[in-house]
K.L.:
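Can you keep this structure in mind? I'll have questions shortly.
Quantities reported herein were computed from a predicted structural model and do not represent experimental measurements.
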2 protein chains.
Amino acid sequence: MTEAVDTRGRLLDTALGLYAEHGVEGTSLQKIADALGVTKAAVYYYFKTKDEIAHAVIEPGLRDLRAAVTAAEAQRRHGARVDTMLDGLADVIIRHRTLVRLFNGDPGLQRIVEASVREYGGVAERMIAVLVGPEPTPEARVAAFVAALGMSGTGGAPEVADLDDDQLRTALLDAGSRAVGRPRRR
Amino acid sequence: MTEAVDTRGRLLDTALGLYAEHGVEGTSLQKIADALGVTKAAVYYYFKTKDEIAHAVIEPGLRDLRAAVTAAEAQRRHGARVDTMLDGLADVIIRHRTLVRLFNGDPGLQRIVEASVREYGGVAERMIAVLVGPEPTPEARVAAFVAALGMSGTGGAPEVADLDDDQLRTALLDAGSRAVGRPRRR
DNA sequence: GTCTATAGGTAGATAGAC
DNA sequence: GTCTATCTACCTATAGAC
């Protein structure tokens, strides 16, 4: 614990907020520096390049999602794999509301994610594979995408920002489960 | 019908492709001009500003979506309103695969859309209102967003680009209908 | 209808003072 | 750890030739 404020952490928070507003490619280092109240040169003290900032912004969300996918893959039966996956996805969405929306939508952020294949490791593809299950029909693939993209997009939408974490988590899980054809009992 | 190629139309197609790759704010006039094989000045012959291009790119999709929402609102019973809305949304998604994905995800494009409120007219809000119905519980609101954003995001996803229009349309409609709790009969 | 040329500004990135 | 100053490259946009 240092006495100084955590400038690096504040920088990442600031960058995420600006990404949500202007997209990654629309967010200049100047904008980040201005919003943070420092100069561009100060930003370069923490990160060597612009891409490195975006990379650091998405890292925590990517870590949590990878853990959720791994937990789902560990289940033996298909039904349990799907349930565990959607449950873990809902948790990740709640913990990273803004980030997950950009992850699905902003082309600039997607470019960053795909460029760093090492850490990425195809986590989205693994998630879809779990949701699709052993019979990869077109219908099953589309249903998996609708559930995953619908839950992610909704979790980051400003229109549901008024819901508290528990309400949103439960409602996302219900809708996503129905989309893949596994409605939850009440 | 002119002998000359439709440069203005090619320009809009080119811009949409670049938007999908780099986002609206990451797409410069230079990139558009280069991809088109002309100079920036030629681009300015057709459009006075950068925003005007983005505006023209989204206009056809916005028109079709508005028509679909209006048709749904004209139905008397809630069930018919939802069915008509999802059916119309699926059609719009099929006709504008790339655009609809950006519409939901790219912050730069959303800024353009919201800036032109006249043509916009809150069509997204009207669509959600139709899907939510007379009882706007948090669960119903979330389900409406999951269906709409899930269908839109999936329709523009490169992973389903191999499906033909009819296959994708039917699968999107099935998954979206289940998400809002109105599963279709087969 | 497309071009060259250029204005005026901002981008990412670096060097070196404090 | 943050600053000033600066580089080169690119940006949007305009003026005017052909």
K.L.:
Using the side-chain heavy atoms of A41(A), tell me which of these nucleotides is nearest: dT14(C), dA13(D), dA15(D).
P.N.:
dT14(C)
K.L.:
On a heavy-atom basis, which atom in T98(A) and which in A20(A) lie closest, and how many Å separate them?
P.N.:
CG2-CB, 3.6 Å
K.L.:
For A68(B) and V92(B), work out which heavy atoms get closest and say how close.
P.N.:
CB-CG2, 4.3 Å
K.L.:
Restricting to non-hydrogen atoms, name the atom on P138(A) and the atom on Q167(B) that form the minimum distance, rounded to 0.1 Å.
P.N.:
CG-NE2, 3.5 Å
K.L.:
For L36(B) and dC3(C), give me the distance from atom CG to atom P, rounded to whole Å.
P.N.:
9 Å
K.L.:
For F47(A) and dG1(D), give me the distance from atom CZ to atom C1', rounded to whole Å.
P.N.:
14 Å
K.L.:
OH of Y46(A) versus C1' of dT14(C): gap in Å, rounded?
P.N.:
18 Å
K.L.:
Rounded to the nearest Å, what distance is computed from the NZ atom of residue K50(A) to the P atom of nucleotide dA9(D)?
P.N.:
19 Å
K.L.:
Once you round it to whole Å, what is the distance between P of dT8(D) and CG of L29(A)?
P.N.:
20 Å
K.L.:
For dA11(C), take OP1 and OP2 only and decide whether either is under 4.0 Å from a side-chain N or O of S28(A).
P.N.:
yes
K.L.:
At under 4.0 Å, does any side-chain N or O of T7(A) touch on OP1 or OP2 of dG1(D)?
P.N.:
no
K.L.:
Roughly, in whole Å, what's the span from CD1 in I53(B) to P in dT12(D)?
P.N.:
9 Å
K.L.:
Between V180(A) and A143(A), which heavy-atom pair has the shortest distance, and what is it?
P.N.:
CG1-O, 3.8 Å
K.L.:
Rounding to an integer number of Å, can you tell me how far Y45(B) OH sits from dT14(D) P?
P.N.:
16 Å
K.L.:
Roughly, in whole Å, what's the span from OH in Y44(B) to P in dT12(D)?
P.N.:
6 Å
